[in-house]
Amino acid sequence: MAVAPRATREDLSLRLASFGPQHAGAVAAWAPTPEALRWLAPSTSFPLTADSVCAWQRPHTRAFVLMTRGGAGPLGYGELNPMRADPLHFWLGHIVVDPRLRGRGLGLALVKRLLDVARFDHRATRVSLIVFPENRGAIRCYESAGFDRAGDELHRFAASDPPMLLQRYEWRP
Ligand SMILES: CC(C)(COP(=O)(O)OP(=O)(O)OC[C@H]1O[C@@H](n2cnc3c(N)ncnc32)[C@H](O)[C@@H]1OP(=O)(O)O)[C@@H](O)C(=O)NCCC(=O)NCCS
């Protein structure tokens, strides 16, 4: 199992690496129940598998795993997707930390590093995400990273499902 120290705002022992198929099995194990998968990926059918994590990768998706500099991990996973209408506007997707390592600052470290990639590698002027209103831990994590509430949105994730209300958050450099 990955051993990760508590992260701090200046923690240099963590880094992002490009996601590869070798990471997919570990990420798939981080949403072990339908409820956990609903918060992470409401459009993905349960159970989450390595194949479904690989299927999240679209041609323009930049997917990353959080690792220690010593090579331990993956500890977390997240995606940056450019919006079709504006290549400087990115969408943050599928943010997740290994459940055994939550509450140690790794989610915040992951999101902050993804924002650095958006800002410094892609000159992003805006990063957005959506989150279920009851996902208080994720909302706190996004707020700590500098995201602001930008309204509510109705989403229908399957034709047979009723529309659900999600909160939209935005970050600007
Ligand atoms: C959301 C998630 C990535 C956060 O990762 P984490 O490593 O536990 O978060 P951190 O330890 O970095 O905490 C960041 C902040 O959120 C707060 N927080 C984290 N989990 C919390 C919880 N369950 N309840 C309340 N606050 C919480 C922390 O106290 C911290 O606040 P602070 O910055 O004011 O000190 C993780 O909980 C996760 O993987 N959740 C399941 C997948 C998911 O729901 N993803 C979001 C999809 S939109």
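Nothing fancy with the numbering, it's 1 onward along the sequence. No hydrogens, no waters, no symmetry mates; every other heavy atom, side chains included, goes into these values. This is a predicted model, so every value here is computed, not measured. Every number for a ligand or one of its atoms is a count from 1 in the order of the listing.
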With sequence neighbours excluded, what pairs up with His60 under the ring pair (Phe, Tyr, Trp, His ring centres under 6.0 Å) test? none
Fit a plane to each ring of Trp56 and Tyr77, take the angle between them on a 0 to 90° scale, and name the class: parallel (under 30°), tilted (30 to 60°) or perpendicular (over 60°). tilted
Close side-chain approach of Arg172 and Phe147, heavy atoms under 4.5 Å: no
Measuring only between side-chain heavy atoms, which start at C-beta, is Ile130 closer than 4.5 Å to Tyr169? no
Does the distance from a Lys or Arg side-chain N to an Asp or Glu carboxylate O, for Glu143 and Arg140, drop under 4.0 Å? yes
Which of the atoms of ligand 1 are close to Ser144, meaning less than 4.0 Å from one of its heavy atoms? 31 (O), 32 (P), 33 (O), 34 (O)
Does any N/O atom on Ile95 come nearer than 3.5 Å to any N/O atom on ligand 1? yes
If you measure every N or O of Trp39 against every N or O of ligand 1, does any of those distances drop under 3.5 Å? no
Which ligand 1 atoms, with their elements, are less than 4.0 angstrom from a heavy-atom of Asn135? 43 (C), 44 (O), 46 (C)
Taking 4.0 angstrom as the limit and counting only heavy atoms of Gly103, give me the atoms of ligand 1 inside it, by number and element. 6 (P), 7 (O), 8 (O), 11 (O)
With respect to Gly105, determine whether any N or O atom, backbone or side chain, lies less than 3.5 Å from an N or O atom of ligand 1. yes
Fellow cluster residues of Phe120, listed by chain then number, with links counted only when side-chain atoms sit under 4.5 Å apart: none
Before signing off on this row, confirm whether Val97 and ligand 1 have an N or O atom pair separated by under 3.5 Å. yes
Below 4.0 angstrom from a heavy atom of Leu108, which ligand 1 atoms are there? Numbered from 1 as shown, please. 12 (O)
Of Ala145, Gly137, Cys141, which has the heavy atom at the shortest distance from atom 20 (N) of ligand 1? Gly137
Check: Gly107 N/O within less than 3.5 Å of ligand 1 N/O: yes
CG on Asp98 to CZ on Arg104, rounded to 0.5 Å: 9.0 Å
Any N or O of Arg136 that comes nearer than 3.5 Å to an N or O of ligand 1? no
Ala138 to ligand 1: N or O pair under 3.5 Å? no
Do Arg38 and Phe132 form a cation-pi contact, if we require the NZ or CZ to be under 6.0 Å from the six-membered ring centre and within 45 degrees of the ring's axis? yes
Side chain, backbone, both or neither: which part of Arg104 comes within less than 4.0 Å of ligand 1 when only heavy atoms are counted? backbone
Please classify the Tyr142 to ligand 1 contact at 4.0 Å (heavy-atom distances, strictly less than): side chain, backbone, both or neither. side chain
N/O to N/O below 3.5 Å, does that happen between Ile130 and ligand 1? no
For the pair Arg62 and Glu79, find out whether any cationic side-chain nitrogen is under 4.0 Å from an anionic carboxylate oxygen. no
Can you check whether Cys141's main-chain N or O pairs, donor with acceptor, with Ser144's side chain at less than 3.5 Å? no
